[in-house]
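I have placed the structure first, in the form of structure tokens, so that the comments after it can refer back to it.
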Amino acid sequence: DSGVTQTPKHLITATGQRVTLRCSPRSGDLSVYWYQQSLDQGLQFLIQYYNGEERAKGNILERFSAQQFPDLHSELNLSSLELGDSALYFCASSAPSGSSYNEQFFGPGTRLTVL
Amino acid sequence: AQKVTQAQTEISVVEKEDVTLDCVYETRDTTYYLFWYKQPPSGELVFLIRRNSFDEQNEISGRYSWNFQKSTSSFNFTITASQVVDSAVYFCALSEANYKLSFGAGTTVTVRA
């Protein structure tokens, strides 16, 4: 158990809908990262937050947004969902320094299925 | 262009055989870190090892060892005396100064009893 929690574990929804994925980092970690894992794209970095502020952006679509709250939990919002958004979404956290060189600890993931 | 290339898609071995996973990376940064992560069938991603760009000393940790060669931009990972529980997808990853972690496509390792 990495100490990173994600809810829900599974999510099934329809095209055009909006969903929110939630992540709580390990105790003491200030950085939260979001990743998308799909068969065709592999593991893709989406976005990183450090202590409430956005720090780095990857291949995140404009339909997707994220935020990190004062209690350090993070939410990833996916809107106008398309079939191609079906994937496993991971959240990770890393040591308090927020350095990109720290190892990241991953949550169990949220499996999103868009029908 | 791919920053991290794992040329081996799948490797299948019999228990107790050694398995070496290849990883080639590309970066212009002088400071960077390399990682190996494991994704077992249960789906979670597990951190295995980390190496920084200034330390080319190869190490052994239990049944895991790695070979980092800057001259060839390679960071290979070996599992010695493989076990069925080692069956998983293994990802090599590169972290540069831009805070983004780039993963390779992964190598699926199947260890048969």
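Note that this is a predicted model, so its numbers are computed, not measured. When reading the values below, keep in mind they use all heavy atoms of this one structure, side chains included, and skip hydrogens, waters and symmetry mates. Residue numbering restarts at 1 for every chain, and letters A, B, ... go by the order of the sequence lines.
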Is there a side chain to side chain contact (heavy atoms under 4.5 Å, CB included) between Lys100(B) and Lys57(A) once you walk through the steps? CA-CA 8 Å; Lys100(B) 300 176 187 177; Lys57(A) 228 170 184 174; 5.6 Å; no
Transitively linked via ILVMFWY side-chain contacts under 4.5 Å: Leu34(B) with Tyr90(B)? yes
Check: Phe45(A) and Phe103(B) side chains under 4.5 Å, non-hydrogen atoms: no
So if you build clusters from Ile, Leu, Val, Met, Phe, Trp, Tyr with side-chain heavy-atom gaps below 4.5 Å, do Val114(A) and Leu21(A) land together? yes
Answer with side chain, backbone, both or neither: which region of Ser42(B) has an atom nearer than 4.5 Å to a non-hydrogen atom of chain A? neither
Side chain to side chain contact (heavy atoms under 4.5 Å, CB included) filter on Glu103(A), not counting sequence neighbours, yields Phe105(A), Phe35(B), Tyr37(B), Phe47(B), Arg50(B)
Find the distance between CG (Leu101(B)) and CG (Leu43(A)) and round it off to the nearest 0.5 Å. 9.0 Å
Membership question, hydrophobic clusters at under 4.5 Å side-chain separation (ILVMFWY): are Ile11(B) and Val4(B) in the same one? yes
Phe91(B), part contacting chain A, at a heavy-atom distance under 4.5 Å: side chain
Is it the side chain or the backbone of Gln37(A) that comes within 4.5 Å of chain B heavy atoms, both, or neither? side chain
Would you list the pairs meeting ring-ring contact (aromatic ring centres under 6.0 Å, His included) in which at least one residue belongs to residues 5-27 of chain A, sequence neighbours left out? none
Examine whether an atom of Leu88(A) lies under 4.5 Å from a heavy atom of chain B, and if so say whether it belongs to the side chain, the backbone or both; otherwise answer neither. side chain
Shortest non-hydrogen separation from Glu44(B) to Phe90(A) and the atoms involved: CA-CE2, 4.4 Å
When clusters are formed by joining ILVMFWY residues with side-chain heavy atoms under 4.5 Å apart, either directly or through shared neighbours, do Trp66(B) and Leu21(B) land in the same one? yes
